[in-house]
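Note sheet for the following structure.
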2 protein chains.
Amino acid sequence: MYTVFAWEAYASGFPGCERMFGLFSAAEALKARGMRVTPQRIAVYNVLKATDDHPSVETVYERVRSDCPSISLNTVYTTLCKMAEIGLIRPIDAGDGLCRYDGNPHPHAHVVCTSCRRVEDLDVRIDLDEKEAASRSDYTIDDVAVYFYGKCADCRKLSNRSIRSI
Amino acid sequence: MYTVFAWEAYASGFPGCERMFGLFSAAEALKARGMRVTPQRIAVYNVLKATDDHPSVETVYERVRSDCPSISLNTVYTTLCKMAEIGLIRPIDAGDGLCRYDGNPHPHAHVVCTSCRRVEDLDVRIDLDEKEAASRSDYTIDDVAVYFYGKCADCRKLSNRSIRSI
DNA sequence: CGCTTGTGGATAATCATTATCAATAGGGAG
DNA sequence: CTCCCTATTGATAATGATTATCCACAAGCG
């Protein structure tokens with residue numbers, strides 16, 4: 001049973017619990033999978049860990065270049081892809097055709113603004129029974145994603161303003 | 001409150017209830033939005049309605065050419081995009097970089113095979129409180145999507161076979 | 001029937017992502 | 001500590017899904 005609720009608050013209230021949730025350090029997780037620990041990978045990982053927005057590959061690339069100016073976009077792509085494969089980070093789809101990532105790999109809901117495509121974590125209780133899902137579908141369930149779609153406060157203000165200005 | 005459960009079974013057991021669920025005929029929905037009703041649009045819509053898989057744009061294109069041989073891929077793209085905009089159909093992301101669509105626009109869960117990327121409807125109860133989501137996020141919530149990820153029975157068989165054959 | 005305007009289709013352009021491949025560097029063996 | 005093997009990096013090119021352009025056409029109105 002996945003309970004998608006208050007995870008970030010819970011984790012931040014219990015420093016040191018990362019291991020409980022499978023959040024090993026990046027270096028540790030890479031080594032455990034036989035992958036090399038390189039400065040590029042650490043830098044990419046740090047970019048994701050340092051923010052709670054959900055940057056696209058291109059955005060990660062721009063940010064990581066301050067730490068690692070010679071890194072290539074290709075390396076950012078492959079690094080993010082591999083880290084997502086081993087569960088260190090989580091791929092996010094905001095419906096804008098870009099590949100985004102979340103530094104928090106634990107299942108949790110997201111809310112996507114359908115105007116500006118910003119993505120935020122959503123602290124809402126949702127009970128998802130993966131056993132029921134598996135029994136009804138003949139799939140083995142490994143993961144779940146929940147997306148809410150709507151308008152953020154900023155975009156609501158903008159649309160109100162444009163209506164008024166007519 | 002969205003309750004994502006047994007919707008297809010419910011709807012199929014009550015023929016004629018489409019209007020209850022906002023499922024007007026394609027022609028009706030297009031007209032209501034001031035969009036023209038063309039043979040191409042009807043043909044594209046019928047392709048989606050005739051299947052319970054979740055075809056990509058390219059797949060819709062291949063199938064619709066039996067009804068409408070001269071249709072262009074561009075028209076399929078724009079038609080699907082506009083129909084999704086007005087809520088006639090639902091865009092689906094299977095994580096393979098393709099744009100897929102579901103002829104059933106009502107919120108319901110999906111399960112995605114991470115090997116072959118097939119997508120199936122999932123008949124599982126999930127209670128999602130969009131009011132709670134809105135109150136916690138300062139977003140107005142219009143829609144929700146739930147994806148389970150795992151392996152389908154066919155891909156499990158294939159991976160077992162390949163392990164045995166080593 | 002004729003007019004207006006949204007739409008379709010052919011083509012080209014865009015752009016995110018992936019492939020290629022030689023040079024480089026991680027990290028275990030000795 | 002050094003060497004060596006091999007995964008990784010980065011420059012470049014290629015791929016391929018999606019989007020833009022633009023003219024001809026036809027839907028829908030009177």
Side-chain angles (χ1 to χ4, degrees), chain A residues 25-45 47 54-86 88-89 91-101 117 119, chain B residues 25-47 54-65 67-86 88-89 91-101 117 119:
Chain A
S25 79
E28 211 169 334
L30 291 170
K31 272 187 204 162
R33 294 290 194 121
M35 293 167 61
R36 288 186 184 165
V37 179
T38 68
Q40 291 90 339
R41 286 173 179 179
I42 300 301
V44 166
Y45 186 75
V47 166
H54 301 74
S56 66
V57 177
E58 192 80 30
T59 304
V60 172
Y61 175 59
E62 287 162 14
R63 292 183 190 168
V64 79
R65 273 150 62 97
S66 64
D67 272 0
C68 191
S70 72
I71 198 171
S72 74
L73 184 57
N74 192 343
T75 299
V76 178
Y77 266 102
T78 57
T79 298
L80 289 170
C81 185
K82 291 198 173 188
M83 283 184 175
E85 248 174 52
I86 69 179
L88 252 183
I89 63 178
I92 295 290
D93 172 59
D96 56 357
L98 298 181
C99 205
R100 292 157 176 260
Y101 290 92
R117 295 292 165 183
V119 181
Chain B
S25 78
E28 212 170 334
L30 291 171
K31 272 188 205 163
R33 293 292 193 122
M35 292 168 60
R36 289 184 185 166
V37 179
T38 67
Q40 290 90 340
R41 288 175 180 181
I42 300 300
V44 166
Y45 186 74
N46 286 342
V47 166
H54 302 75
S56 67
V57 178
E58 193 80 32
T59 305
V60 172
Y61 175 60
E62 287 162 14
R63 292 182 190 170
V64 77
R65 274 149 63 96
D67 272 0
C68 190
S70 72
I71 198 172
S72 74
L73 183 57
N74 191 343
T75 299
V76 177
Y77 266 103
T78 57
T79 299
L80 289 170
C81 185
K82 291 196 173 191
M83 282 182 174
E85 249 174 51
I86 68 178
L88 252 183
I89 62 178
I92 296 289
D93 172 58
D96 56 356
L98 298 180
C99 205
R100 292 158 177 258
Y101 290 93
R117 295 290 166 183
V119 181

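Computed from a prediction, not measured in an experiment: that's the story for all the values here. Chain letters run A, B, ... following the sequence lines, proteins first and then strands; every chain starts at 1.
- Computed from coordinates, the B:Leu80 CG to D:dT18 C1' distance equals 12 Å when rounded to whole Å.
- Considering all non-hydrogen atoms of both residues, B:Ala26 and B:Ile42 come closest at CB-CD1, 4.4 Å.
- A 4.5 Å side-chain heavy-atom check between B:Ile86 and B:Leu30 finds at least one atom pair inside the cut-off.
- Within the 4.0 Å cut-off from OP1 or OP2 of D:dT9, not a single side-chain nitrogen or oxygen of A:Ser72 is found.
- Within the 3.5 Å criterion, the main-chain N or O of B:Val76 finds no donor-acceptor partner in the side chain of B:Thr79.
- Distance, A:Arg65 CZ to D:dG10 C1': 12 Å, rounded to whole Å.
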Practice item. Do nucleotides 20-30 of chain C as a string where each nucleotide becomes B, S or -: B if the base has a protein heavy atom under 4.0 Å, S if just the sugar-phosphate does, - if no protein is that close. Key: B----BBS---
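- Here C:dA10 presents its C1' atom at 14 Å from CD of B:Gln40, a figure rounded to the nearest Å.
- Candidate nucleotides D:dG10, D:dA17, C:dG9 were compared by shortest atom distance to the side chain of A:Thr75, and D:dG10 ranks first.
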Review point. Hey, mind stepping through B:Ile71 and B:Val44 against side chain to side chain contact (heavy atoms under 4.5 Å, CB included) and telling me if it holds?
Key: CA-CA 10 Å; B:Ile71 198 172; B:Val44 166; 4.0 Å; yes
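- Contact check for A:Arg63 versus A:Thr59: side-chain heavy atoms found under the 4.5 Å cut-off.
- Under 3.5 Å, the side chains of A:Arg41 and A:Tyr45 contain no donor-acceptor pair of N or O atoms.
- D:dT9 atom P lies 11 Å from atom CD1 of A:Ile42, rounded to whole Å.
- Here the CD atom belonging to A:Glu85 is positioned 8.0 Å from the CE atom belonging to A:Met35, to the nearest 0.5 angstrom.
- Mapped onto DNA chain D by nearest heavy atom, A:Thr79 and B:Cys99 fall at different nucleotides, with A:Thr79 at the one closer to the 5' end.
- The structure places NE2 of A:His54 at 14.5 Å from CG of A:Leu98, a figure rounded to the nearest 0.5 Å.
- For the pair A:Glu58 CD and C:dT18 P, the interatomic distance rounds to 13 Å; values are reported in whole Å.
- Between B:Ser70 and C:dG9 there is a side-chain polar atom (N or O) within less than 4.0 angstrom of OP1 or OP2.
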Revision key, fill the gap. Symbol by symbol from the 5' end, with Watson-Crick or G-U pairs under 3.5 Å, [ ] crossing and | another strand, DNA chain C is ||||||||||||||||||||||||||||||
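- Remark: P of C:dA12 and CG of B:Leu73 are 15 Å apart, rounded to the nearest angstrom.
- The distance from atom CG of A:Asp93 to atom C1' of C:dA16 is 14 Å, rounded to the nearest whole Å.
- Whole-Å rounding puts the B:Lys82 NZ to D:dT18 P distance at 18 Å.
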Exercise for review: Give the C-alpha distance, both sets of side-chain angles, the deciding distance and a yes or no for side chain to side chain contact (heavy atoms under 4.5 Å, CB included) between A:Tyr101 and A:Val57.
Suggested key: CA-CA 8 Å; A:Tyr101 290 92; A:Val57 177; 3.9 Å; yes
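- No contact: A:Gly34 has no heavy atom under 4.0 Å from any strand.
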